[in-house]
Amino acid sequence: MVDTLGVAVIGFGWMGRVHTQAYARVRHHYPGLSLVPELITVAEEVPGRAEEAAAQFGFASTTRDWREVAADPRVRAVSITAPNFLHREIGVAMAEAGKHIWIEKPVGLTAEDAGTVADAVAKAGVQGAVGFNYRNAPAVETARELIATGEIGAVTHVRIRLFSDYAAHPEGALTWRYERERGGSGVLGDLASHGVDLARHLLGDITSLTADTAIFLPERARPSGATAGHSRAVGGEVGPVENEDYVSCLLRFASGARGVLEACRVSVGEQNNYGFEVHGTKGAVFWDFRRMNELGVSRGTTYQDQSVTTVYAGPGDGEFAAFQPGAANAMGYDDLKVVEAYRFLRSVAEGTPYGATLTDAVHSAAALDAMARSAHSGSWAEVRGRD
């Protein structure tokens with residue numbers, strides 16, 4: 001039996017559009033899904049943007065006030081894709097209203113914010129999914145399985161990189177992303193949060209770390225109007241960039257493994273150069289987001305001069321079969337959000353979490369807080385769990 005689930009999207013910038021497209025596509029890839037998402041309302045404070053979204057995607061209604069979503073009985077699940085500083089308030093309000101939430105990372109500005117949303121979700125008995133989409137790549141899921149089954153031996157060390165150029169242009173507008181009060185911790189929350197999630201997903205808990213951060217473009221021009229994505233501004237009032245462009249970090253894992261994590265939003269020449277290399281006592285795995293459907297694998301008993309084989313993701317890997325019929329057919333970024341939508345809807349239907357949860361968001365936020373403390377103190381910091 002198929003039931004409908006009324007959904008709302010709060011915040012219709014680029015990520016709000018990605019969530020909406022995922023809802024529109026999810027039944028195409030997962031026809032057996034017992035819940036069919038129904039687009040009820042879109043909330044966006046920028047004049048005209050919600051109406052444009054409704055006209056394009058078929059939302060039944062629009063609003064400029066997200067609070068109306070909490071009071072709408074037609075809405076049973078909500079995507080929260082508003083700016084970071086609103087995540088805590090909106091997440092708690094939706095959970096308390098009995099709505100399931102699919103919320104983008106970072107869940108608020110601090111680990112305390114993430115924990116508050118997690119507590120609200122647990123208390124309300126609703127489901128909470130988080131937008132850690134890179135773990136959904138089939139090749140990443142295969143890497144995790146190879147690590148877990150000991151195919152590369154005991155993991156010794158990992159290197160995780162997230163280099164992007166989205167903020168590299170000196171005319172990039174001074175939006176909320178660059179303000180401490182509204183954007184939080186800059187590249188830590190934006191990119192390093194994904195790196196921490198990948199690290200935990202592959203290797204387990206991080207116990208301590210030491211970090212260094214930097215701001216390389218200290219001033220930007222304020223935009224003259226509403227923005228979406230990473231727009232440019234010329235001639236506007238110049239203001240300071242308050243949060244980090246760059247972070248480098250050494251990691252220690254509970255397993256005894258060591259790691260290096262590096263993230264930058266102003267890397268000229270890098271177009272979303274995200275990936276990892278995990279080394280073990282018998283082999284290694286290598287993944288590059290720009291070649292998302294390939295996994296480099298080294299395993300065996302040669303050790304020295306041991307070869308690396310390129311393995312193409314196929315129907316036996318993760319959720320690949322829902323998108324392509326045979327190995328080496330490409331999946332893309334938006335497909336990862338469709339996987340996320342599927343796991344969120346399945347969680348709601350079955351009452352059991354699938355995919356990244358608020359618990360994962362809390363762990364990621366705790367590591368980001370530790371990075372900020374370490375960068376400030378210049379010393380190692382423990383990654384503090386919740387009491």
Side-chain angles (χ1 to χ4, degrees), residues 11 13-16 44-47 49 80-90 104-114 161-196 209-249 261-274 364-379 381:
W14 170 64
M15 189 52 68
E44 171 57 65
E45 65 177 12
V46 176
R49 189 178 287 174
I80 301 171
T81 57
N84 298 350
F85 71 99
L86 294 171
H87 286 190
R88 173 174 173 165
E89 182 181 7
I90 297 175
E104 275 305 314
K105 40 56 59 187
V107 180
L109 305 183
T110 64
E112 180 184 358
D113 285 352
R161 68 188 185 281
L162 297 108
F163 298 145
S164 183
D165 62 355
Y166 69 79
H169 202 291
E171 294 178 358
L174 187 67
T175 64
W176 60 266
R177 295 180 183 277
Y178 304 99
E179 299 175 1
R180 183 72 63 179
E181 184 176 350
R182 297 195 298 165
S185 57
V187 76
L188 272 69
D190 192 16
L191 295 180
S193 58
H194 281 299
V196 170
L209 54 82
T210 184
D212 182 39
T213 62
I215 298 174
F216 296 132
L217 295 177
E219 293 183 331
R220 295 179 182 272
R222 300 186 188 279
S224 58
T227 62
H230 307 291
S231 58
R232 297 182 188 177
V234 180
E237 178 187 357
V238 174
V241 172
E242 298 175 349
N243 53 28
E244 308 85 356
D245 288 329
Y246 170 85
V247 61
S248 60
C249 189
L261 188 155
E262 193 176 14
C264 185
R265 64 188 180 187
V266 297
S267 297
V268 175
E270 301 284 9
Q271 293 84 42
N272 297 332
N273 180 359
Y274 308 154
S364 176
L368 301 183
D369 281 4
M371 289 181 196
R373 293 197 310 272
S374 174
H376 178 74
S377 68
S379 60

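Note that the numbering runs from 1 along the sequence shown for the chain. Model, not experiment: these values are computed from the prediction.
- Formation of a donor-acceptor pair under 3.5 Å by the Thr110 side chain with backbone atoms of Asp113 is found in this model.
- His169 NE2: more than 12 foreign heavy atoms inside a 6.0 Å radius.
- In this structure, OG in Ser364 is found 9.5 Å from CG in Asp369, a value given to the nearest 0.5 Å.
- Contact between Gly195 and Leu162 at its shortest, heavy atoms only, is CA-CD1, 3.6 Å.
- Using modelled atom types, one side-chain atom of Asp245 and one backbone atom of Phe216 make a donor-acceptor pair closer than 3.5 Å.
- Using modelled atom types, one finds a donor on one side chain and an acceptor on the other under 3.5 Å when comparing Arg265 with Asn243.
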Exercise. List the steps and the verdict of side-chain contact (heavy atoms from CB on, under 4.5 Å) for Leu109 and Phe85.
Key: CA-CA 6 Å; Leu109 305 183; Phe85 71 99; 4.3 Å; yes
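- The distance from the OH atom of Tyr274 to the NE2 atom of His194 is 7.5 Å, given to the nearest 0.5 Å.
- Remark: Asp212 CG to Tyr246 OH distance equals 7.0 Å, nearest 0.5 Å.
- For Asn272 against Ser164, the heavy-atom pair with the smallest separation is OD1-OG, 3.2 Å.
- Counting only distance, with no hydrogens or angles, the side chain of His87 and the backbone of Ala82 share a donor-acceptor pair below 3.5 Å.
- Taking CG of Leu86 as the reference point, atom CD1 of Ile80 lies at 10.0 Å (rounded to 0.5 Å).
- Across every non-hydrogen atom of Arg373 and Ala381, the tightest pair is NH2-CB, 4.1 Å.
- Rounded to the nearest 0.5 Å, atoms CD (Glu262) and CG (Asn273) are 10.0 Å apart.
- What you find for Pro240 and Leu174 is that their closest heavy atoms are O-CD1, 3.7 Å.
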Practice problem: Please step through side-chain contact (heavy atoms from CB on, under 4.5 Å) for the pair Leu368 and Ser193, ending with a clear verdict. | Solution: CA-CA 7 Å; Leu368 301 183; Ser193 58; 3.8 Å; yes
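- Residue Glu44 holds its CD atom at 8.0 Å from OG1 of Thr81, rounded to the nearest 0.5 Å.
- The closest donor-acceptor contact from the side chain of Glu242 to the backbone of Arg180 lies under 3.5 Å.
- Under 3.5 Å, the side chains of Asn84 and Arg182 contain no donor-acceptor pair of N or O atoms.
- The closest donor-acceptor contact from the side chain of Asp165 to the backbone of Ser267 lies at 3.5 Å or more, if one exists at all.
- Listed here is the closest heavy atom pair of Ser374 and Ala211: OG-N, 2.8 Å.
- Here the side chain of Asp190 pairs no donor or acceptor atom with the backbone of Gly186 at under 3.5 angstrom.
- Considering every non-hydrogen atom in both Leu209 and Cys249, the closest pair reads CB-SG, 3.7 Å.
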Practice problem: Could you please spell out the steps behind the salt bridge (Lys or Arg N to Asp or Glu O under 4.0 Å) verdict for Arg220 and Glu179? | Solution: CA-CA 11 Å; Arg220 295 179 182 272; Glu179 299 175 1; over 6 Å; no
